[in-house]
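As the structure lists them, so they are numbered: ligands from 1, and atoms in each ligand from 1.
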Amino acid sequence: MPYDAIVVGGSYAGLSAAMQFARARRRVLVIDAGLPRNRFAAAGHGFFGQDGKPPYAILEDATRQLLAYPTVALVRGEARTARQADGGFAVALAAGREERAARLVLATGIVDELPPIPGMQERWGVTVLHCSFCHGYEVGDRQLGVLANHPLSAHQAALIPDWGPTTYFTQGVFEPDAEQAARLAARGVRIERTPIVELLGDAPALDAVRLGDGRVVPLAAVFTAPTTHLAGTLAEELGCVVEEGPVGPYIKVDDRNQTTVPGVFAAGDAARPMQNATMASAAGVMAGLGAYQSLVAEAAPPAPATADAA
Ligand SMILES: Cc1cc2nc3c(=O)[nH]c(=O)nc-3n(C[C@H](O)[C@H](O)[C@H](O)COP(=O)(O)OP(=O)(O)OC[C@H]3O[C@@H](n4cnc5c(N)ncnc54)[C@H](O)[C@@H]3O)c2cc1C
């Protein structure tokens, strides 16, 4: 096999996985299409040692550090298909080339599907946000909204008052139950049952939202939990079991980040229902170590020394 491992996805999870192979002086190929999930945000937050740095700058640094190791190769492009071959894996690139390795790490991330309301997409990552820990500080002390999109939204609304005065828009879809309503009241969250139909202001800034009855409510930012999808179909093609999380599917892995297909590991947003860059990176480290250790474990023991040789 030309490589010990192919890592598909060269962001927080994938680069962290590949680094373990580099440190072990093993041959690893990273294939990356260059579209990290947080590319819509001007800066990443809460990531150890990197707070406030643009996402692509963080990844450029990490990629440069990884490529300093002589056993690492990088292809900028898309892995189109993956299959089992010759006891390992074959990955076809968009350019038509095929690469082979003994192990495969899927660190391909997820894709966010925002509620279909005019004005959401162009504000994504700036004033339309999914994570208050990531970007709440920057919009703090202003009028904030939570747009219900999943049953988790009421939980999200209970958090947001720590960043600013909060209105929970049920959108006519997710009405809080009695316990949730009591918690929202205790946290000072206002509940609005007339749905948001449009976001207003000079995007990506947000000034207000228009409701279905024509009222305009001033807001500086809206939090929502997008529906998520796995980026691409490699996991399904390989036969990995995929589980359903609260907002979308994720690849099932064990405590070494091995999927249900032996030799295929997965890490990052693609392989856990609760996500951020730190957790993706940590899972990438585990996937890299797990994949590396599985190679060592299957290595044939050396032939016993014969009397002649002695
Ligand atoms: C708007 C926004 C802002 C965020 N801000 C923060 C923040 O401030 N702090 C924080 O901790 N978290 C933040 N997050 C979450 C964070 O972005 C993710 O948890 C993190 O990016 C997950 O890392 P990952 O490596 O699993 O996947 P990603 O970063 O999504 O990377 C996946 C990589 O795989 C590549 N890829 C996918 N399929 C293929 C293929 N077939 N072939 C080749 N390459 C492929 C993609 O192009 C991409 O480069 C934010 C998320 C969003 C949506």
Closest protein heavy atom (residue, atom, distance) for atom 8 (O) of ligand 1: His45 N, 2.8 Å
Winner among Gly125, Gly14, Gly77, Ala17 once heavy atoms are compared against atom 43 (C) of ligand 1: Gly77
Starting from atom 33 (C) of ligand 1, find the nearest protein heavy-atom neighbour and note its residue, name and distance. Asp32 OD1, 3.7 Å
I'd like to know if Gly46 contacts ligand 1, where contact means a heavy-atom distance under 4.0 Å to any ligand atom. no
Can you report which non-hydrogen protein atom sits closest to atom 29 (O) of ligand 1, along with the distance? Ser11 OG, 2.6 Å
Could you list the atoms of ligand 1 found under 4.0 angstrom from a heavy atom of Gly268? 26 (O)
Can you label the angle between the Trp163 ring and the Phe133 ring as parallel, tilted or perpendicular, going by 30° and 60°? perpendicular
List ligand 1 atoms under 4.0 Å from Gly44, heavy atoms only on the residue side. 8 (O)
Could you check whether any side-chain N or O of Thr170 sits under 3.5 Å from a backbone N or O of Tyr168, counting only pairs where one atom can act as donor and the other as acceptor? no
Numbering the atoms of ligand 1 from 1, which are under 4.0 Å from a heavy atom of Ala107? 32 (C), 33 (C), 34 (O)
side-chain contact (heavy atoms from CB on, under 4.5 Å) for His155 and Leu159? Distances and angles first, verdict last. CA-CA 7 Å; His155 165 72; Leu159 305 180; 4.2 Å; yes
Does only the side chain of Pro55 get under 4.0 Å from ligand 1, or the backbone, or both, or neither? Count heavy atoms. neither
Counting non-hydrogen protein atoms only, what is the nearest one to atom 41 (N) of ligand 1? Give residue, atom name and distance. Ala79 O, 3.0 Å
From CA spacing to verdict: salt bridge (Lys or Arg N to Asp or Glu O under 4.0 Å), Glu298, Arg103: CA-CA 12 Å; Glu298 81 170 13; Arg103 295 290 181 271; 3.1 Å; yes
Val8 neighbourhood, listing ligand 1 atoms whose heavy-atom distance to it stays under 4.0 Å: 40 (C), 42 (N), 43 (C)
I need the atoms of ligand 1 closer than 4.0 Å to a non-hydrogen atom of Ala280, numbered in the order shown. 22 (C), 23 (O), 26 (O)
Could you tell me whether the side chain of Asn149 and the main chain of Ala225 form a donor-acceptor pair under 3.5 Å? yes
Do other residues, nucleotides or ligands put more than 12 heavy atoms under 6.0 Å from the CG atom of Asp141? no
Would you say Trp124 and ligand 1 have an N/O pair spaced under 3.5 Å apart? no
Would you mind running through ligand 1 and noting each atom that sits below 4.0 Å from a heavy atom of Gly9? 33 (C), 34 (O), 35 (C)
Is it the side chain (CB and beyond), the backbone, both or neither of His130 that lies under 4.0 Å from ligand 1, heavy atoms counted? side chain
Do you see a donor-acceptor pair shorter than 3.5 Å between the side chains of Tyr69 and Arg23? yes
Gln275 N/O to ligand 1 N/O under 3.5 Å: no
Heavy-atom distances under 4.0 Å are what count here, so tell me which part of Asp112 touches ligand 1: side chain, backbone, both or neither. side chain
Could you tell me whether the side chain of Arg27 and the main chain of Met1 form a donor-acceptor pair under 3.5 Å? yes
If you measure from atom 36 (N) of ligand 1 to every heavy atom of Asp269, Thr108, Thr278, which option wins on shortest distance? Thr108
Quick one: does ligand 1 sit under 4.0 Å from the side chain of Leu35, the backbone, both or neither, non-hydrogen atoms only? both
Proximal ligand 1 atoms for Ala13, defined as those under 4.0 Å from one of its heavy atoms: 25 (O), 26 (O)
Atom 6 (C) of ligand 1 - nearest protein heavy atom and its distance: Cys134 SG, 3.4 Å
Distance-only, no hydrogens or angles: does the Ser16 side chain make a donor-acceptor pair with backbone N or O of Ala282 under 3.5 Å? no
Which is it for His135 and ligand 1 at heavy atoms under 4.0 Å: side chain, backbone, both or neither? side chain
With heavy-atom distances below 4.5 Å as the criterion, would you say the side chains of Thr278 and Tyr12 are in contact? no
Kindly say whether Gly290 contributes a backbone atom to a donor-acceptor pair with the side chain of Gln258 at under 3.5 angstrom? no
Nearest protein heavy-atom contact for atom 17 (O) of ligand 1: which residue, which atom, what distance? Asn38 CB, 3.1 Å
Below 4.5 Å, heavy atoms only, C-beta onward: do Leu206 and Leu200 meet side chain to side chain? no
In terms of residue, atom name and distance, what is the protein heavy atom nearest to atom 30 (O) of ligand 1? Arg37 N, 2.9 Å
If we only count heavy atoms from C-beta on, is the Arg100 to Tyr3 side-chain gap below 4.5 Å? no
Determine, step by step, whether Glu192 and Arg215 satisfy the salt bridge (Lys or Arg N to Asp or Glu O under 4.0 Å) criterion, reporting the C-alpha distance in whole Å, the side-chain angles of both residues, the deciding distance to 0.1 Å, and the verdict. CA-CA 11 Å; Glu192 174 60 65; Arg215 277 181 295 145; 3.0 Å; yes
Report the C-alpha distance between Val247 and Thr227 in whole Å, list the side-chain angles of each, state the deciding distance to 0.1 Å, and finish with yes or no for side-chain contact (heavy atoms from CB on, under 4.5 Å). CA-CA 5 Å; Val247 298; Thr227 298; 5.8 Å; no
Has the side chain of Thr224 got a donor or acceptor atom that lies under 3.5 Å from a matching backbone atom of Leu147? yes
What is the nearest protein non-hydrogen atom to atom 15 (C) of ligand 1, stated with its residue, atom name and distance? Asn276 CA, 4.2 Å
Examine Gly34 against ligand 1 and note whether any of their N/O atoms are separated by less than 3.5 Å. yes
If hydrogens are left out, which of Ala277, Gly109, Gly10, Ala33 has an atom nearest to atom 10 (C) of ligand 1, that is, the closest non-hydrogen atom? Ala277
